[in-house]
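Working notes, beginning with the structure itself.
Naming: A, B, ... by sequence-line order, numbering from 1 per chain. Computed from a predicted model, the values in this text were never measured in an experiment.
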Amino acid sequence: MMTDTPVYQILGLTRSEYVRIVDILEREPTPTELAMFSVEWSEHCGYPRSRDYLRTLPREGKFAPMVGTDAGGIVLDGRIVVFKAESHNHPSQVEPKAGAATGVGGIVRDILSMGARPVALLDSLRFGDARDARTAFFVKGVVDGIQHYGNCIGVPTVGGEVTFDAAFSGNCLVNVMCVGVVEGERVMTSEAPAGQSVMFLGSRTGRDGIGGCSVLASREFSEADQKRPTVQIGDPFAGKCLIEATLEAIASGAVIAMKDMGAAGLTCTTSEMAAAGGVGMEVELEKVPRREAGMEPFELMMSESQERMLAAVAPGREQEVVDIYHRWGLQAHVVGRTVEGGELIIRDEGEIVAQLPVVALTSPETIPLPYSAPPAGAEIPLDVERPQGGWGEALLTLLGAPNIASRAWIFRQYDHTVQTNTVVPPGRADAAVIRLPITVEGATRGLAMTMDANPRLCGLDPYEGARQAVAEAARNLVCVGAEPAGVTDCLNFGNPEKPERFWQFVRAIEGLGDACRALHIPVVSGNVSFFNESPQGAVLPTPTIGMVGVLQDVTQARSMGLLGEGYDLVLLGNLSGALGGSEYATEICCAGGGNIAVLDMERESALHKTVLAAHAEGIVAAAHDLSEGGLMIAVAECCIAGGVGARLDLKDIPAETPADLAALYFGEAPSRILVSLLPEDHERLQALAAEHGVPYRRLGSTAGRHLVVHGPGSEEWGSTLSAMRRRHASLPDLLGL
Amino acid sequence: MSVAVIRFPGSNCDTDCVRATEVVAGLKARVIWHQDAIPAEISLVILPGGFSYGDYLRPGAIARFAPAMAEVRRFADRGGHVLGICNGFQILTEAGMLPGALLPNGSLSFVCQDVRLRVERTDTPFTRRYKKGQVLRMPVAHGDGRYFSETPPQGVVFRYVDENGDPTPEANPNGALDNIAGMVNARGNVLGMMPHPERACETLLGSTDGRALFESVLESSLGVGA
C-alpha cells in the first residue's frame, strides 16, 4: 500500500466525506473518530446511497406491521413475529465457512435484540456455474458454515433456495433470514432515556472483523486483495449462550434497551442507541473486556467480534444482569451511561479519544447517485428444436439441472426439526411451515416462510424480476395454505457508483414496492448489499424476498407431495409459459434470447384468492407453484414428493411446433399453481376459479409408478418414478461433492 | 416423583424434552442446571440433545465433568432411570455409563432426516410398551452418531433398518457399527440413543412413534399410566 494514501481513504471514506467530518467537528478528527465515521457512514450501516429509495417501500398490510431498528415484524394475536434477512456475501467469498457462519449468528442477534426467541432460519444462496470445479469449494464451505452455527444454536433451518449462475462465480451471495417470536409486551427497542447504565454483554472483543462493513462490504473485490483479517469468526456455542442469557435478562425486566453488535460493533451500538433515545452516551473503553492486550481505541470501536450485545440497564439492577450472563459463562460489564444531550464521548483510561454529536454520526449525508438504463439489446429470437432423445429425456435432464435438482444434500445437513415446531420441513413444499404456539378458538396458528429471488430475470429486467420474486414468494405461501403477511428484503447489487448498476437497484426497488402494494404486504425490514463485483464482473441484480405468511390452523397446512392414487390434478392459470431465460432454454437449447412472460398483478392476486379459498374449504390435497422448468417439472416434483405417478391428458391442446410444445411442457410464467384434489371436488374448485376469473384446466390424475403424458397430436411420453427420483437427486454428483 | 431434564450450556433439546413429557403424560419436567444437585424426588433423568459446552473438544467430553454428571451417576447407581438422547447419549458414553463411543458420521457431515428403527428389546423400562421387532420412524440430527465399540456390543435396544425392517447399510445414516442406534447398560436402567423420540410425539410433526418410549419409562419410573 502506498504510504501517501490518506488514512480516511484507507478506511473507505471519500475526500468530501472527510471535509464534512472536519466541518462537523470544527477540527481534525482523532484517529478513533475517523474510524467511527468510516464505519458508521458506510453503506452497510448508514445507507447513504439507498436510504431515499428504501423509504418508498410500503409499510402497510392486512397484519399490523411493526418496524424496529434492527428488524421488523407483524403483530399476530398479541405477539410479534419478527423477521429479517441479511447478506453476508463478501465474507463468504473470502472465507466461506466463517463468513456464512457469522451470517447466521448476525441475523439471529438482530432478532434477539428485539427480545424475540429465534424460531426458524432460511438461507438464499447464489453460487457460480455448477459445472465450474471451484463452485463446490464455495458450496461446501457455505453449507458447512450454516450447519456449524445454526445446528449448534438450536434454531431449525427450515427453508431457503440455492441457484447457480456464472455471474456469481467471483462473488457468491449468502442471504440469511431469521424469524423470531416475542410476546407483545416484551418487545425490546434500542431506545433508552438518560441516566441508564450501558452494559457490554457477551464475548470479549478481539481484532477480528475490523473494517468488515466499510472496507470489505463496501468495495468491489480486486485481484490482489488480502481481506481475511476483515472476516469475523463466530462461536456458535457463545451464540447459543447469548440467546439464552439475553432472553433471561430481558424477562427479568432489568433491561431497558438492547442492540446487537454486528457491523461496526461498538460504534454502531453506542451511537445508534443514543440516537434512538435522543440522548447522549459516555463510554469508558478500558472497561470493555478484550481477547488480546494492546488494542487501540479505534480497534475496540471498529471490531466486529461476534456474540456481543449492548444494553441499557435500569440503574441499580446491573448486578442482576451480570449474574445472568456470568451463569451462562459470558461477559457483562457496565461500560458507560446514557446522558442528557446528544454527545457521544468515548474515554480510554480517562482520556477522551472521541467526542462527537451522535446525530452527525448516525445520519450520513445522502449520496445521490446518477443512474441510467443500459442500452437496450437487440431482441434475439430463441431457436427451439425438438429435444434430442425426446420429451421424456428432456424432463430427466431438467430434473437434474443445477437450478432444479433436489437440495436434499444441503438441507439434510441442517437440523430442521429442533424446537419441535416444524410441520412442513424443507423439500416438501414451496414454503416451510412451523407451528406458532398460539391457540385461538381451538386452532393452533402456523407460520409459513420462504425466500425467493429471480436474478436471471432481474438481469434482463430488474423491475419485472423484482415484481416476479415478490409474486412467487407470495404464491409459495399460498400453496401451503398461508396468507402472505410481511416481507423482508435483502438487496444484492453491484457497484452503485456505476450508473447502470444503480439503475438496476432503482428499478428493482420500484418493482418490489409496486408488487408489495398490489398484494397489500408490508416490507418490515431489510438489508442492502452493494459492491458485489469481482474482476469477473458484477453479480446479477438479486433482490431476495423473504416472506412470512400466516396459517389460521396449522393442521391444515398442505405440501406438494401427491397423497396417493385416485386424486386429480388441476392447473390454475395459463397452460403455456415463455421460454426466454427458462431452464429449458438454458439446459436444453443452450441458448439465450427469446421472450419472457410478464406478470399481471391482478391475475396473480386472483390466483392467490382462489387457492386460499380452496384451502379454506379444505379441498386442496396438495399444491405446487409452477416455477423453474414449468408445468412438467412441477408435476414431476409433486410425483417424486408423493411417491406416486400420474397420467396427464393434454391431447386437445393446440400445439404443434417444437416451440409450442416446449412452451406447454417447460415454459415458465408467473401466476400458475398446480393443485391436486379429490375428483368429487372439481366443481367447487372450478366455481372458485370462475368467481375470480382464473383459468382452470383438469390435467389428469394420479396413478401407478409412472408419469405418463398424452400430449398434443396423441404423442405419448413419460418417465418412471425411480428414474425421475434418481435424476432429481443428482446435485452432489453434478458438483462433485 | 418427578422428571428432571439436565440443562448444560449448549443443550438445545432441553425444552423439547420438557414439552414431550408434557404432551405425552401431562407431566411438567424440572429443568436442572448443570451445576446443581438432582432433587431427591426425581426418578427419571433426561440428558437432552444439543452441543454441551459447544462440543468443542469432542461431543460430551466436557459435559461428563459437569457437577450434574456426578449426580447422574449416583442416581443411576441407585437404580434411577436415565435417558440420554443424541448429545445425551454421547455424554453417557464419554462418562463410561454406557459402553462404546460415538464417532463422527461416516459421511463426515451432519445428518438430519427421518430414520426407521427396529425395537430389539422390550424387556427394558424404556421399551416395554413397544413390540419386539416393531419398526419406528423418528428423526436423527447429529454430526457424531456413528456408534463404535471394540468389544461385541451387548444391550442393543434400537437398530437402523429399512422399510422392511432389515438393518441394511443404506438404512444406516451414520455408519454405526451393526446399525446400532440405541443401547442400554447391563442393569438396564440407562438408555442412550441417537434418534430423537421427543421430536416424534405429535401427529402434527409427522410421527408419534416416540410416545411409547416416554410412556414406557414414565410408567417404569413414576408409575404413571400414560
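- No other option in A:Ile243, A:Val424, A:Val418, A:Val554 has as many heavy-atom pairs under 4.5 Å with chain B as A:Val418.
- At a 4.5 Å heavy-atom cutoff, the contact between A:Cys241 and chain B is made by side-chain atoms alone.
- With sequence neighbours excluded, the residues satisfying salt bridge (Lys or Arg N to Asp or Glu O under 4.0 Å) with B:Arg58 are B:Glu94.
- Residue contact with chain B, scored on non-hydrogen atoms closer than 4.5 Å, involves the backbone of A:Ile153 exclusively.
- Options B:Cys13, B:Cys112, B:Gly49, B:Pro9 differ in how many heavy-atom pairs under 4.5 Å they form with chain A, and the most are formed by B:Cys112.
- Contact annotation for A:Val143: neither backbone nor side-chain heavy atoms come within less than 4.5 Å of a heavy atom of chain B.
- In this structure, B:Asp16 CG and A:Asn421 CG are separated by 8.0 Å, a value rounded to the nearest 0.5 Å.
- The CZ atom of A:Arg412 sits 8.0 Å away from the OG atom of B:Ser109 when rounded to the nearest 0.5 Å.
- Taking every heavy atom of both residues into account, B:Trp33 and A:Arg327 meet most closely at CZ2-O, 3.1 Å.
- Both the backbone and the side chain of A:Gln413 come within contact range of chain B, each with at least one heavy atom under 4.5 Å from a heavy atom of that chain.
- Here the shortest heavy-atom pairing between A:Asn151 and B:Asn12 reads O-ND2, 3.1 Å.
- Contact annotation for B:Arg199: both backbone and side-chain heavy atoms come within less than 4.5 Å of a heavy atom of chain A.
- The contact between B:Ser11 and chain A is made entirely by backbone atoms, counting heavy-atom distances below 4.5 Å.
- Atom CZ of A:Arg725 is surrounded by more than 12 heavy atoms from other residues, nucleotides or ligands within 6.0 Å.
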Evaluation steps, salt bridge (Lys or Arg N to Asp or Glu O under 4.0 Å), between B:Glu202 and A:Arg435
CA-CA 12 Å; B:Glu202 296 176 76; A:Arg435 155 175 65 190; 2.6 Å; yes
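- The aromatic rings of B:Tyr53 and A:Phe237 lie tilted to each other, with the angle between the two planes from 30° to 60°.
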Start with the C-alpha distance between A:Asp415 and B:His142, add both sets of side-chain angles, then the distance that settles side-chain contact (heavy atoms from CB on, under 4.5 Å), and finish with yes or no.
CA-CA 8 Å; A:Asp415 190 339; B:His142 58 248; over 6 Å; no
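- When all heavy atoms of B:Leu205 and A:Thr420 are compared, the pair lying nearest together is CD1-O, 3.5 Å.
- B:Met138 contributes atom CE, which lies 12.0 Å from atom OG1 of A:Thr417 (distance to the nearest 0.5 angstrom).
- For B:Pro139, the part lying under 4.5 angstrom from a heavy atom of chain A is the side chain only.
- A:Thr422 touches chain B through its backbone: at least one of N, CA, C or O sits under 4.5 Å from a heavy atom, while the side chain does not.
- Atom OH of B:Tyr56 and atom CG of A:Asp235 lie 3.5 Å apart (nearest 0.5 Å).
- Neither the backbone nor the side chain of A:Asp144 comes within less than 4.5 Å of any heavy atom in chain B.
- Enclosure of atom CZ in B:Arg146 by more than 12 non-hydrogen atoms of other residues, nucleotides or ligands within 6.0 angstrom is indicated.
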